[in-house]
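Notes for the one structure printed next.
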Amino acid sequence: MTDHEPAIVLVDDLRSFVDGRLAEVARTSSAGVGLLGRHRSRRVDELWLDHDLGGDDTIWPVVEVLERAAFEGRPFDVGVVVIHSANPAGATKMAQALRRWHYPVRIAPGDPAVGYVDGID
């Protein structure tokens with residue numbers, strides 16, 4: 001038994017967890033990179049990623065940080081990466097890139113855990 005509080009990170013420009021679970025939320029790729037940096041030496045139990053982050057912003061800077069860390073032999077400690085993007089091509093490319101570096105990935109478009117809620121973070 002552990003008193004470990006699950007660390008959940010969500011990178012999505014519009015959606016939040018509809019069940020009220022506690023999560024750190026980033027609305028842009030740069031904020032997502034910053035959140036990952038704060039978790040560099042800590043486990044992230046669930047990392048939820050959306051592909052399109054509004055305007056020209058995408059998740060790729062976040063994916064590149066994860067890839068670079070794995071390339072350097074120090075991958076992030078992530079329980080599961082959940083790709084909840086509604087962009088099928090983007091989700092597939094993200095999954096391929098992250099699986100190449102042995103991150104555990106689940107593609108879950110339309111996952112009911114995330115949705116549009118009032119009062120965006």
Side-chain angles (χ1 to χ4, degrees):
M1 185 162 133
T2 178
D3 57 14
H4 167 74
E5 184 75 27
I8 302 171
V9 173
L10 171 72
V11 184
D12 190 308
D13 60 325
L14 297 172
R15 291 172 286 187
S16 295
F17 287 108
V18 296
D19 60 7
R21 75 181 76 177
L22 293 178
E24 294 179 79
V25 179
R27 298 293 181 197
T28 64
S29 61
S30 62
V33 168
L35 266 180
L36 278 183
R38 289 194 290 283
H39 283 276
R40 188 61 189 107
S41 60
R42 297 182 1 214
R43 179 175 177 80
V44 175
D45 296 290
E46 299 174 19
L47 177 58
W48 290 68
L49 303 178
D50 185 22
H51 183 275
D52 303 308
L53 300 175
D56 293 332
D57 195 13
T58 69
I59 199 65
W60 285 104
V62 173
V63 172
E64 289 167 1
V65 166
L66 293 163
E67 287 179 305
R68 187 176 310 112
F71 174 78
E72 293 171 353
R74 295 185 56 238
F76 281 80
D77 182 8
V78 178
V80 63
V81 178
V82 181
I83 299 173
H84 65 278
S85 179
N87 176 333
T92 298
K93 288 179 186 175
M94 291 164 60
Q96 287 172 341
L98 294 171
R99 285 177 177 148
R100 176 177 185 239
W101 295 105
H102 307 290
Y103 287 102
V105 174
R106 179 168 61 92
I107 299 177
D111 190 301
V114 290
Y116 302 97
V117 295
D118 293 333
I120 290 178
D121 306 293

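Only this structure's heavy atoms are used, side chains among them; waters, hydrogens and symmetry mates stay out.
Formation of a donor-acceptor pair under 3.5 Å by the Asp50 side chain with backbone atoms of Val11 is not found in this model. For the pair Arg43 (side chain) and Val78 (backbone), a donor-acceptor distance under 3.5 Å is absent. Panel note: side chain Arg42, backbone Asp77; no donor-acceptor pair is recorded below 3.5 Å. Between the side chain of Arg99 and the backbone N or O of Val105, at least one donor-acceptor pair lies under 3.5 Å.
For the residue pair Val18 and Pro112, the shortest heavy atom distance occurs at CG2-O, 3.1 Å. Taking each heavy atom of Ile59 and Leu49 in turn, the nearest pair found is CD1-CD2, 3.8 Å. Annotation for His51 and Trp60: closest pair NE2-NE1, 3.0 Å, computed over non-hydrogen atoms. Scanning all heavy atoms of the two residues, the minimum distance from Ala95 to Ile83 falls at N-CD1, 3.5 Å. Taking every heavy atom of both residues into account, Ser85 and Pro109 meet most closely at O-CB, 3.3 Å. Considering every non-hydrogen atom in both Ala23 and Phe17, the closest pair reads CB-CE1, 3.5 Å.
In this structure Arg40 satisfies the side chain to side chain contact (heavy atoms under 4.5 Å, CB included) test together with Ala69, Arg74, Phe76, sequence neighbours excluded. Applying the salt bridge (charged side-chain N to carboxylate O under 4.0 Å, His left out) criterion to Glu67, with sequence neighbours excluded, gives no partner residue. With sequence neighbours left out, the side chain to side chain contact (heavy atoms under 4.5 Å, CB included) criterion links Ala31 to Ala26, Thr28. Remark: Asp52 engages no residue in a salt bridge (charged side-chain N to carboxylate O under 4.0 Å, His left out) (not counting sequence neighbours). Checked against side chain to side chain donor-acceptor pair (under 3.5 Å), Ser29 has the following partners two or more places apart in sequence or in another chain: Asp57.
Looking at Val9 and His39, their side chains come closer than 4.5 Å, going by heavy atoms from C-beta outward. Looking at heavy atoms from C-beta onward, Leu36 lies in side-chain contact with Leu66 at the 4.5 angstrom threshold. Between Val80 and Leu47 there is no side-chain heavy-atom pair separated by less than 4.5 Å.
Atom CD in Glu24 sits 10.0 Å away from atom CD1 in Ile8 (nearest 0.5 Å). Atom-to-atom distance recorded for Met94:CE and Asn87:CG is 9.0 Å, nearest 0.5 angstrom. Atom CD1 of residue Ile107 and atom CG of residue Leu98 lie 10.0 Å apart, to the nearest 0.5 angstrom. To the nearest 0.5 Å, atoms CG (Leu14) and CZ (Arg27) are separated by 7.0 Å.
For the ring pair (Phe, Tyr, Trp, His ring centres under 6.0 Å) condition, the pairs that include at least one residue of residues 77-99, sequence neighbours left out, are Trp48-His84.
Note on Val82 and Val25: same hydrophobic cluster, where clusters join Ile, Leu, Val, Met, Phe, Trp and Tyr whose side-chain heavy atoms are under 4.5 Å apart, directly or indirectly. Taken together through direct or relayed side-chain contacts under 4.5 Å among Ile, Leu, Val, Met, Phe, Trp and Tyr, Val63 and Leu10 form parts of separate hydrophobic clusters. When hydrophobic clusters are built by joining Ile, Leu, Val, Met, Phe, Trp and Tyr residues whose side-chain heavy atoms come closer than 4.5 Å, directly or via intermediates, Leu22 is not grouped with Val114.
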With salt bridge (charged side-chain N to carboxylate O under 4.0 Å, His left out) as the test, would you mind laying out the steps for Arg106 and Glu46 before giving the verdict?
CA-CA 10 Å; Arg106 179 168 61 92; Glu46 299 174 19; over 6 Å; no
